[in-house]
Structure formats: structure tokens, C-alpha cells
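See structure below.
In this text, all values refer to a predicted model and were calculated from it rather than measured experimentally. Computation of the quantities below employed the complete heavy-atom set of this structure, encompassing side-chain atoms and omitting hydrogens, waters and symmetry-equivalent molecules.
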Amino acid sequence: MKVVTNVVKTSPGGGVEMNVFQVSRELARRQHEVDLMYVEAGPLLREYEVFCRHIRHVPSVDYGFPLGRRGKAKQALEQIPAVLDTVRSRPDVIYANRVFSAGWAVPAATICHAPIVSHLHGHTDVGPEVINWLNRKIGRFVIISEFVAQQWINSGLDPAKIAIVYNGIDPAEYPVGRVVERLASREALGLPETAYVVTYFGRVDAEKGIEVLLSAWASFGLDRDDGHLLVVGSSMPNSANYAAQLHAMASSNVSFIAAQRDVVPYLHAADVVVIPSTWDEPFGRVVIEALSTGRPVLASRVGAIPEILTGELESFLFDRGDDVELCELLERFRGWEKRDPDLGARCRERVLQEFTLDKAVDGIEAAFQAMVY
């Protein structure tokens, strides 16, 4: 099957970018012919070149549904290169990532008579007029969680066209870190062998609630020999002030580390991972990455995260912004390896059951096949 897809940034900086990359790679492994359009070049571009049939740089793949004739005309013109490239590809299916991709996908589909599958990674309030247009023009909506799907349904999206397909990862890329791996990672990172190591990884941005973690960590009161907190991630240009505030809050046993393509050593070094988001996470990719390595993930009860941490793992959740409850959880899970040595395996099993890349791409292929056959 010939598939045209898109991404803004060919970089591993966010969950959407990594999801598009890994799904596209897996589609190519399954013998689909994948064409990619991108806006910003990044480190993943050479890797895309290995498995994509065609890769094209275009000025825009986003149409913001602007008000006013002038804004609509300007953005429509910006979509023309993406429309033309898509038509030249003669795709069997247009796999449009994000709702804003409809600006080029719909006219291209009209010209080349290809169905559109739109992958929605979050919710945007686009208004009833646009929703009605999307319902008419898009064949299937793949949505990454029940939480996000319900937001779209509340906005008027046709539930009969929605397939909920959770994001997935390749568990082999996030292997279990047992005692040997933990000690090796700690030695490489210069961390004490017996310390209680807690890791955060993700964007350094106010909506991620890192100040909640720092407050809980300060209340926990461990010294450098007994505990260490790793904050792994980079701040956005508009988050410099927030990053400075975090550094001012941090004690001497907190380390800030720039974003890493390979986060596995930092996960293997950890006893637990904390995701203290204060916004409603559309999914929570970092949660499944950490669980796959056999780490309990203490996470805010926000957005779609409770859809991941179910059953026994529901005990990992704490209320949004509640540093006191998080501090209590940090205390409860200190030394879990000795008290409950099988917990790490149960964490990984949750990923193997529901959140593998294979399962995610199965769901995406099913959406394609519903449109093409």
C-alpha cells in the first residue's frame, strides 16, 4: 500500500515526532511504501531516508483554520506544495498526522481520489463549522486515547469514524534494567551505587509540573549519599524563566541533564520514574517507556495517564500538583526491589499487553484497510 504521511519536525524532541517516526518505520517494515513530507530538518531525517520511498521538504503541513479571507488565502497558498507532492505520489491512503494536516490532505484527496486517515495526537477546539467539514471529508480518525477521543466527541466529531489506538513502543528499544544494568548505568553516570535514584524525563516546561517533584524531593530530605534526582530534558525557548526557577529550587542532590535521544541508561539508573504533569496529558508516552524498563512510574492523575496505570498500577497515581502525596509515594516505593522483586516484571508486562508498537500499527493498518478495501 502506498502511504503519504507528514511531520513538522524530523527530530526526536517530542512524543508526536517519535510516534510518527516509529510508526512510519514499522509500516515500511510491513512492506508499505511510505512517502514523507516534513517542514524542519532534524536528526531523524537520515534515518527516515533509510526506509521511506520518497522524502520531501515542504514549507508547511499545518493549516490553522484561520478567520478572515486574507488569512485563509495565505495559509491555503502555503499548503500547495504539500498538495502537489501528495498528488504526485498517487497514494492508496493519505495518513495525515494532526488535525491541522487536513488543509493539504483534503484537497489532495479530492484530486487523487485517495481516502484520508487522520491521526489525532491531542485535542484542538476548531469550532463546529470545521468539525462538520472534517466529518464530511475524513474517512477515519485514529485517536491516541479514550480521554482525547471523548474531547473530540464532545466537540462534535463523528464517533462512528473514530478508532482508539494507543501509542506503542518497541519493547526491545526499552529493555529491562536489572541489577547489572542498574549498577553499570550508575557507574557511567557517576551516581552512588546504593542511593535512591529518582528520574524525570521529558520537556522542561511549566505544564510538566517539575516544580511539584522538586518540592516533594526537598520534603523527602535525603542527602547526596542517600538519594539523587535526575531531571532529564531540555527547556523550550519560551520556558527559560521556568527552567531558571527550577534550578533555584533544586538541592545539591538534583542534576539537570539535557534531553537525550537514548534515555535508557537514565531509566536503568533509576529506582522509580516520576511524571508530575499538571496539564492533561493526551497519552503519556514516557510512562510506557519507563514501565518497559521495569520501573514503577509515579504519575499525576491527569488526562490519559490513568488509562495506562490501571489495576495494580493505579497505586502509582497521585493528584495533580499534590507534592505531599508525591512525597508519600516516594517514601512508599523506596526499596521496592527488595520488598517486591517481581514488580518490575509486572510493570513491563503492562506494556507488553497493551502498548507495543506492533499493536499500535495493527490498529493503524486496520484503519487503512477499512478505507481502501
Side-chain angles (χ1 to χ4, degrees), residues 173-204 208-235 243-277 286-300 313 315-316 318 323-348:
E173 294 186 353
Y174 300 91
V176 174
R178 298 183 176 84
V179 174
V180 172
E181 290 84 4
R182 179 185 289 111
L183 293 178
S185 293
R186 291 188 177 192
E187 182 178 0
L189 297 172
L191 296 170
E193 182 178 311
T194 59
Y196 184 34
V197 176
V198 175
T199 297
Y200 163 87
F201 72 105
R203 285 184 290 111
V204 177
K208 293 298 187 178
I210 303 167
E211 76 281 0
V212 179
L213 172 56
L214 290 177
S215 179
W217 184 252
S219 298
F220 200 39
L222 298 180
D223 60 28
R224 286 186 63 87
D225 292 332
D226 292 330
H228 207 95
L229 170 62
L230 303 177
V231 178
V232 183
S234 298
S235 60
Q245 292 170 12
L246 296 179
H247 282 267
M249 289 180 64
S251 55
S252 60
N253 61 347
V254 178
S255 295
F256 291 88
I257 300 165
Q260 305 289 312
R261 171 73 187 275
D262 182 10
V263 296
V264 171
Y266 301 91
L267 295 175
H268 282 177
D271 293 294
V272 301
V273 174
V274 178
I275 308 299
S277 296
V286 294
V287 178
I288 62 173
E289 291 174 350
L291 288 175
S292 181
T293 67
R295 269 54 188 169
V297 180
L298 312 183
S300 303
L313 306 191
S315 65
F316 297 171
F318 61 93
D323 60 314
V324 175
E325 187 179 8
L326 174 54
C327 185
E328 292 171 354
L329 285 174
L330 288 171
E331 176 63 45
R332 187 189 311 168
F333 282 92
R334 185 182 183 187
W336 66 265
E337 297 95 335
K338 292 183 180 179
R339 294 192 307 273
D340 189 359
D342 294 330
L343 178 58
R346 300 199 299 276
C347 289
R348 183 171 171 86

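Residue P296 comes nearest to G294 through the heavy atom pair CD-O, 4.0 Å, listed as atom of the first residue, atom of the second, then distance. P276 approaches F318 most closely through the heavy-atom pair CA-CZ, 3.8 Å. Taking all atoms of both residues into account, the shortest heavy-atom contact from S234 to A259 is OG-N, 2.9 Å. Scanning all heavy atoms of the two residues, the minimum distance from L183 to E193 falls at CD2-CG, 3.2 Å.
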Would you tabulate the side-chain donor-acceptor contacts of residues 324-337 under 3.5 Å, counting partners in other chains and residues two or more places apart, or write 'none'?
{"residue": "E325", "atom": "OE1", "partner": "D319", "partner atom": "N", "Å": "2.9"}
{"residue": "W336", "atom": "NE1", "partner": "D271", "partner atom": "O", "Å": "2.9"}
{"residue": "E337", "atom": "OE2", "partner": "R182", "partner atom": "NH2", "Å": "3.3"}

Tabulate below the donor-acceptor pairs under 3.5 Å that side-chain atoms of residues 261-270 make, not counting sequence neighbours, or state none.
{"residue": "R261", "atom": "NH1", "partner": "E47", "partner atom": "OE2", "Å": "3.0"}
{"residue": "R261", "atom": "NH2", "partner": "E47", "partner atom": "OE1", "Å": "3.4"}
{"residue": "D262", "atom": "OD1", "partner": "V264", "partner atom": "N", "Å": "3.1"}
{"residue": "H268", "atom": "NE2", "partner": "P175", "partner atom": "O", "Å": "2.8"}
{"residue": "H268", "atom": "NE2", "partner": "G177", "partner atom": "N", "Å": "3.4"}

I'd like a table of donor-acceptor pairs (distance under 3.5 Å, sequence neighbours excluded) in which one partner is a side-chain atom from residues 224-232, with atom names and distances.
{"residue": "R224", "atom": "NH1", "partner": "S252", "partner atom": "O", "Å": "2.3"}
{"residue": "H228", "atom": "NE2", "partner": "S255", "partner atom": "OG", "Å": "2.7"}

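Partners of S219 according to the side-chain hydrogen bond (donor to acceptor under 3.5 Å, both in side chains) rule, which considers only residues two or more places apart in sequence or in another chain, do not exist here. Under the salt bridge (charged side-chain N to carboxylate O under 4.0 Å, His left out) criterion, R348 pairs with no residue, sequence neighbours left out. For S215, the side-chain hydrogen bond (donor to acceptor under 3.5 Å, both in side chains) test picks out D323, with sequence neighbours left out. Contacts of A243 classified as side-chain contact (heavy atoms from CB on, under 4.5 Å), with partners at least two apart in sequence or in another chain: V204, S235. Y196 is linked by a ring-ring contact (aromatic ring centres under 6.0 Å, His included) to F220, counting only residues two or more places apart in sequence or in another chain. Applying the ring-ring contact (aromatic ring centres under 6.0 Å, His included) criterion to F256, with sequence neighbours excluded, gives H247. With sequence neighbours excluded, the residues that form a side-chain hydrogen bond (donor to acceptor under 3.5 Å, both in side chains) with N253 are W217, S251. Contacts of T293 classified as side-chain hydrogen bond (donor to acceptor under 3.5 Å, both in side chains), with partners at least two apart in sequence or in another chain: none. Applying the salt bridge (charged side-chain N to carboxylate O under 4.0 Å, His left out) test to E173 and every residue at least two apart in sequence or in another chain returns R25.
R346 CZ: more than 12 foreign heavy atoms inside a 6.0 Å radius.
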